[in-house]
Undergrad: 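Right, I'll just put the structure down here and ask away after.
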2 protein chains.
Amino acid sequence: MSDSPACIPLEELLPTELFKALGDPNRVAILCDLCECRGGPKTVSELAAELPVDLSVVSRHLGVLKRARILDAERNGKSVQYTVRARDLVTILRALADAIDNCCPDPADRDQPASKPTPTERRHGPAEPSRTSQP
Amino acid sequence: MSDSPACIPLEELLPTELFKALGDPNRVAILCDLCECRGGPKTVSELAAELPVDLSVVSRHLGVLKRARILDAERNGKSVQYTVRARDLVTILRALADAIDNCCPDPADRDQPASKPTPTERRHGPAEPSRTSQP
DNA sequence: AGCACAATTGCGTCAAAGTGCAAATGTAGT
DNA sequence: ACTACATTTGCACTTTGACGCAATTGTGCT
């Protein structure tokens with residue numbers, strides 16, 4: 001039991017709520033729609049116009065995406081503008097990719113569990129622990 | 001070409017099945033367990049020993065993860081060895097992060113909802129392609 | 001073939017989630 | 001205050017998914 005896993009707690013990087021939110025086609029469509037305007041905001045009505053479901057359903061989906069820290073909401077007069085939390089999302093995804101990469105270097109290399117010929121440290125991203133603070 | 005969205009089809013990078021598979025805590029636990037042995041294989045029984053659910057349930061979860069291209073299964077005698085498709089996963093996650101990064105330049109600029117002074121300027125990532133090529 | 005062990009699958013049950021409609025809430029303008 | 005418009009929420013209904021148990025399949029051994 002003294003064998004160190006050399007593996008950061010992956011479970012913390014796999015927030016179930018985030019992926020559950022990404023597991024619905026309508027929510028994915030919303031996210032894509034929002035991304036396609038370069039991060040620009042869109043209202044519920046605008047988003048709902050692109051989907052075959054009721055506006056109330058879109059509002060609920062937006063709520064789920066907001067709770068999953070994927071979107072941000074901000075009132076602007078009568079309407080509510082939704083935007084993608086692109087930077088946080090990218091950070092989380094890269095951190096997760098780095099963690100998996102770090103845990104499972106390469107199936108061809110796992111003959112020697114203790115020595116790594118190519119120490120796959122992060123050579124692309126800082127893999128910062130994300131700045132999303134939980135209220 | 002001037003009004004190109006500069007946005008690759010995000011929807012193709014957001015496979016619902018993958019995220020749906022990642023949206024269950026038991027499946028996440030399985031994935032973490034599998035990652036913690038550096039990509040080494042584990043059998044259904046070994047995986048099930050770590051979870052409070054029935055072995056048949058674990059087998060079903062494994063099937064979901066396999067269908068989502070997250071795990072690979074291979075028979076080895078009487079048992080079946082499951083491994084993480086780490087390289088594919090990392091590739092997908094990085095590609096998705098790159099795509100989002102590419103689509104939404106910087107959320108800090110969204111204070112001005114109607115005017116974007118520097119739409120081409122990015123300050124954090126060139127959106128490099130993933131390092132592991134995968135067919 | 002018969003037996004033991006490992007994994008998958010069929011079936012029923014139950015909880016969670018998606019959806020639409022109608023009502024309620026919030027906001028701006030008259 | 002009233003009205004118009006935008007969004008959210010309450011209340012059903014339906015579908016999807018997770019779970020346990022039992023039965024089935026697959027494999028190796030005697």
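All values reported here derive from a predicted model rather than from experimental measurement. Chain letters run A, B, ... following the sequence lines, proteins first and then strands; every chain starts at 1.
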Undergrad: Taking C-beta and beyond as the side chain, do A:Glu74 and A:Val80 meet within less than 4.5 Å on heavy atoms?
TA: no
Undergrad: So which protein nitrogen or oxygen atoms get under 3.5 Å of nucleotides 9-16 of chain D's nitrogens or oxygens?
TA:
| from | atom 1 | to | atom 2 | distance (Å) |
| --- | --- | --- | --- | --- |
| D:dG10 | N7 | A:Arg60 | NH2 | 3.3 |
| D:dG10 | O6 | A:Arg60 | NH2 | 2.3 |
| D:dC11 | N4 | A:Arg60 | NH2 | 3.4 |

Undergrad: Got B:Ile100 and A:Leu93 here, is their nearest side-chain heavy-atom distance under 4.5 Å?
TA: yes
Undergrad: If you take all heavy atoms of B:His61 and B:Asp24, which pair is closest and at what distance?
TA: CE1-OD2, 3.5 Å
Undergrad: Of all of residues 71-79 of chain B, which get a heavy atom below 4.0 angstrom from DNA chain C, listed by number?
TA: B:Lys78, B:Ser79
Undergrad: Less than 4.0 Å between a side-chain N and a carboxylate O, is that true for B:Asp101 and B:Arg94?
TA: no
Undergrad: Could you tell me the separation between the CG atom of B:Asn26 and the C1' atom of D:dG20, rounded to a whole number of Å?
TA: 13 Å
Undergrad: Evaluate the side-chain proximity of B:Cys104 to A:Arg38: yes if any heavy-atom separation is below 4.5 Å, no if none is.
TA: no
Undergrad: Does any non-hydrogen side-chain atom of A:Arg27 lie less than 4.5 Å from one of A:Val64?
TA: yes
Undergrad: Using a heavy-atom cut-off of 4.0 Å to chain B, what are the terminal contacting nucleotides of DNA chain C, in 5' to 3' order?
TA: C:dC5 to C:dC11
Undergrad: Evaluate the side-chain proximity of B:Ile30 to B:Leu65: yes if any heavy-atom separation is below 4.5 Å, no if none is.
TA: yes
Undergrad: On DNA chain C, nearest-nucleotide positions of B:Tyr82 versus A:Val53: which is more 5'?
TA: B:Tyr82
Undergrad: Would you mind reporting whether B:Ser79 and B:Val44 have side-chain heavy atoms less than 4.5 Å apart?
TA: no
Undergrad: D:dC19, OP1 or OP2 - any side-chain N/O from B:His61 closer than 4.0 Å?
TA: yes
Undergrad: Taking C-beta and beyond as the side chain, do A:Leu71 and A:Thr83 meet within less than 4.5 Å on heavy atoms?
TA: no
Undergrad: How many angstroms lie between atom NZ of A:Lys78 and atom OG1 of A:Thr43, to the nearest 0.5 angstrom?
TA: 12.0 Å
Undergrad: Please give, in whole Å, the distance from D:dT7 C1' to A:Lys42 NZ?
TA: 17 Å
Undergrad: Taking the side chain as C-beta and beyond, is there a heavy-atom pair between A:Tyr82 and A:Asp72 under 4.5 Å?
TA: no
Undergrad: Under 4.0 Å, heavy atoms only, any strand: does A:Leu62 hit a base, just the sugar-phosphate, or nothing?
TA: nothing
Undergrad: What is the distance, to the nearest angstrom, from the CG atom on B:Asp24 to the P atom on D:dG17?
TA: 11 Å
